[in-house]
Amino acid sequence: MRFNRVEGFFFGSKASLDTLLGVIKVHGKVGYGFSDKRIKYTVGTTIYPFRTRMIGIGMERYQSLGHTPDNQIYGTFEISLAALLKKED
């Protein structure tokens, strides 16, 4: 759960399955922004040719909002709180 001025309230979930046949990892996440009325998602898989998992080949499909990186100064909670209370994000 988060809040910003573009998406408004955003609710989502994510899941990962890392033990599929011992060499395949599948992951995904999906959520909905109530202000922009858009579903955002990511689905992907990685195949590891060796059981040591030192090298993997993967692919991913996604639809999400682009953002300007902030050098990880503020986390999602702090940004949501500032957007809700001070109308800043």
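Atoms considered below: every heavy atom in the structure, side chains included; atoms not considered: hydrogens, waters and symmetry mates. In this text, all values refer to a predicted model and were calculated from it rather than measured experimentally.
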Return the minimal non-hydrogen interatomic distance between [X] and [Y], and the atom names on each side.
{"X": "Gly22", "Y": "Arg53", "answer": "O-NH2, 3.5 Å"}
{"X": "Pro49", "Y": "Gly56", "answer": "CD-CA, 4.3 Å"}
{"X": "Gly8", "Y": "Ser35", "answer": "CA-OG, 3.3 Å"}

Legend entry - Common cluster, Ile24/Leu17, ILVMFWY with side-chain heavy-atom separation under 4.5 Å: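 Cluster IDs for Ile24 and Leu17 match.
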Nearest 0.5 Å please: distance from the [atom1] atom of [X] over to the [atom2] atom of [Y].
{"X": "Tyr41", "Y": "Ser64", "atom1": "OH", "atom2": "OG", "result": "9.5 Å"}
{"X": "Met59", "Y": "Ile47", "atom1": "CE", "atom2": "CD1", "result": "7.0 Å"}
{"X": "Thr46", "Y": "Ile55", "atom1": "OG1", "atom2": "CD1", "result": "13.5 Å"}
{"X": "Tyr48", "Y": "Leu21", "atom1": "OH", "atom2": "CG", "result": "14.0 Å"}
{"X": "Met1", "Y": "Phe11", "atom1": "CE", "atom2": "CZ", "result": "5.5 Å"}
{"X": "Asn4", "Y": "Leu65", "atom1": "CG", "atom2": "CG", "result": "7.0 Å"}

Legend entry - Whether Ser80 side chain and Phe3 backbone form a donor-acceptor pair below 3.5 Å: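 Yes; judged by distance alone, with no hydrogens or angles, the pair exists.
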Inset, instruction - Report yes or no: does Thr45 contribute a side-chain atom to a donor-acceptor pair with the main-chain N or O of Val26 at less than 3.5 Å? - result: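 Here the side-chain-to-backbone pair does not exist.
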Legend entry - Hydrophobic cluster of Phe77, others only, ordered by chain and residue number, side-chain cut-off 4.5 Å: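 Besides Phe77, the hydrophobic cluster comprises Leu81, Leu85, listed by chain and residue number.
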Inset, instruction - Could you tell me which residues satisfy salt bridge (Lys or Arg N to Asp or Glu O under 4.0 Å) with Lys40, sequence neighbours excluded, listed by chain and number? - result: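 Listed in chain order: Glu7, Asp36.
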Legend entry - Residues that Tyr32 engages under ring pair (Phe, Tyr, Trp, His ring centres under 6.0 Å), provided they are two or more places apart: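 With neighbours one apart ignored, the set is Phe34.
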Inset, instruction - For residues Glu60 and Thr42, determine if any side-chain heavy atom of one lies less than 4.5 Å from a side-chain heavy atom of the other. - result: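 In short, these two side chains touch, coming nearer than 4.5 Å.
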Legend entry - pair Lys29-Ser13: side-chain heavy atoms closer than 4.5 Å: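 Side chain of Lys29 against side chain of Ser13, heavy atoms only: no contact under 4.5 Å found.
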Legend entry - Arg2/Ile79 under side chain to side chain contact (heavy atoms under 4.5 Å, CB included): CA gap, chis, key distance, verdict: CA-CA 8 Å; Arg2 66 179 182 244; Ile79 292 172; over 6 Å; no
